[in-house]
Amino acid sequence: MDTKYIFVTGGVVSSLGKGIISASIGKLLQARGYKVTIQKFDPYINIDPGTLNPYEHGECYVTEDGFETDLDLGHYERFTGIHTTRHNSITTGRIYKTVIDRERHGDYLGKTIQVVPHITDEIKRRMLREDEQDEELDFVITEVGGTIGDIESAPFMEAIRQLRWQLGRDAVCVHLTYVPYLKAADELKTKPTQHSVKELQGMGIQPDILVLRTERHLSDAIRLKVASFCNVDLECVVQSEDMSSIYEVPVSMQRQGLDAAIMRKIGIPVGETPAMKPWHEFLEKQRNATKEVHIGLVGKYDLQDAYKSIRESLNLAGIYNDVKARIHFVNSEELTTENVATQLDGMAGIVICPGFGSRGIEGKIIAAEYGRTHDVPTFGICLGMQMMVIEFARNVLGYKDANSAEMDAQTPHNVIDMMEEQKSITQMGGTMRLGAYDCELREGSRAAEAYQDPCGKTARHTTIRERHRHRYEFNNQYKKEYEQAGMQCVGINPAADLVEIVEIPEKRWYIGTQFHPEYSSTVLHPHPLFVSFIKACF
Ligand code: GLN
């Protein structure tokens, strides 16, 4: 089968959950046995979201191949289990950079370089994944960030318009809009959807399928109205009602025939509806997991999306333990030795979050101390692990001034230091230790035990591969002292001899990882460390 292309755009407002819809479409087509990839095109000028503040854009998600990407790629991976790469996250900045570099190289000698056709051609090439060494793909799903009508997304829309013309039935446009409910009138309003579709049509794109986001159930009459005003078949107007969990969305979309509608539009036989048994089993587990386990998430960003993958990993790990992980954000900037006991009171477990810079780190150190001295299961991730290490140096090894070179370049006890290969780097963006690296686990350690997989789904591992995003590392000069005092370095990167995991074995669960396990936790394969952490919490 020739590769088919699905474009997902959004209108009316942002935050409608285009990423979830794209991931759901991917999941449903994958369940039908198709080879799928999902990619995100973002209209901002940054080369990648790596340099963006999480307040602006939520978490930065890191792929196996070490690219800093949009958090929607996390949804794609969690839903489908298919790894994304640097080719799945494209920004306007990257498109322009490629074109400008080519211009300087003389590739267009004599020509005026313009948005149309040069920028749009480059967008098209990337949408078609012309340079990629993909295995044969049946479907490429392309989600475009932003909202229809944004000035900056116009070249993407033009590229889609041209591709639809070029590809004919091999391309399908899915447009996501919002149907607001007006309380005073007690009515659901379709006008914003009509306007949004008109805007799209004005750019020469007729959507094939409309997904209507709504807080209330839409009657057939409303769907019919939208269908007839927007030139879309009734069966191609589906609704995406608020759900108790985002993982219910694929099932709801399947029930309404979204995947079947896409296949019909393309002209491939629809066949039987896949049962998606493992997915349904997961949902069943999720519905039954009502007993709550309270987890304190110690970080500096009071924003849901800033720690998206960690939150989802905890949720998933809870479900596989038949409990509901109730996550309480604890602002590390407000944590003090005086209030830590009340702030963390009732928490069955503590997660110390990743991050950069010194804001809020003392609170993270206080949380690490509290977890260690009160023997509350504690999980430190990246900066969180580094703070566990600093806390141990200050309060157990007696180095009161211990710090990370990131926070205090002059500290005489730099238990966390800059990695050698990072010292000469001055450029920002994509220059950290990024992506998946091997890690050897010490036999018999708590971490190794966790990787035996508490779900019993995979075989025992002694060498694992996990994703990274950092510049600083555990300073090996102190390794012996730590181990003698009870903090063990139980995960080591063999190539560079970097400490990847520390733990205090005599505690109930006190583990810090220099890598980010949250990036590789998926719905059907929750990360073993998270599963083991939650298990220790009750
Ligand atoms: N700032 C720390 C470093 O660069 C930790 C990074 C992180 O938590 N992702 O090493």
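Remember, it's 1-based here, ligands and their atoms both numbered in the order they're listed. If you're wondering where the values come from, they're calculated on a predicted model, not measured in any experiment.
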Looking only at atom types and distance, does a side-chain atom of [X] sit under 3.5 Å from a main-chain N or O of [Y], one as donor and one as acceptor?
{"X": "Lys40", "Y": "Asp72", "answer": "no"}
{"X": "Lys364", "Y": "Pro354", "answer": "yes"}
{"X": "Thr80", "Y": "Lys27", "answer": "no"}

**Request:** Take Arg78 and Glu312 through the test salt bridge (Lys or Arg N to Asp or Glu O under 4.0 Å) and record every step on the way to the result.
**Result:** CA-CA 9 Å; Arg78 280 189 290 276; Glu312 289 308 320; 5.0 Å; no

**Lys/Arg N to Asp/Glu carboxylate O, Arg469 vs Glu68, below 4.0 Å** = yes

**Request:** Anything with a heavy atom under 4.0 Å from ligand 1 counts, so go ahead and list those protein residues by chain and number.
**Result:** Pro354, Gly355, Phe356, Cys382, Leu383, Gln386, Glu406, Arg469, His470, Arg471, Tyr472, His516

**Asked** Any idea which heavy atoms bring Gly318 and Ile534 closest together, and the distance?
**Response** CA-CG2, 4.0 Å

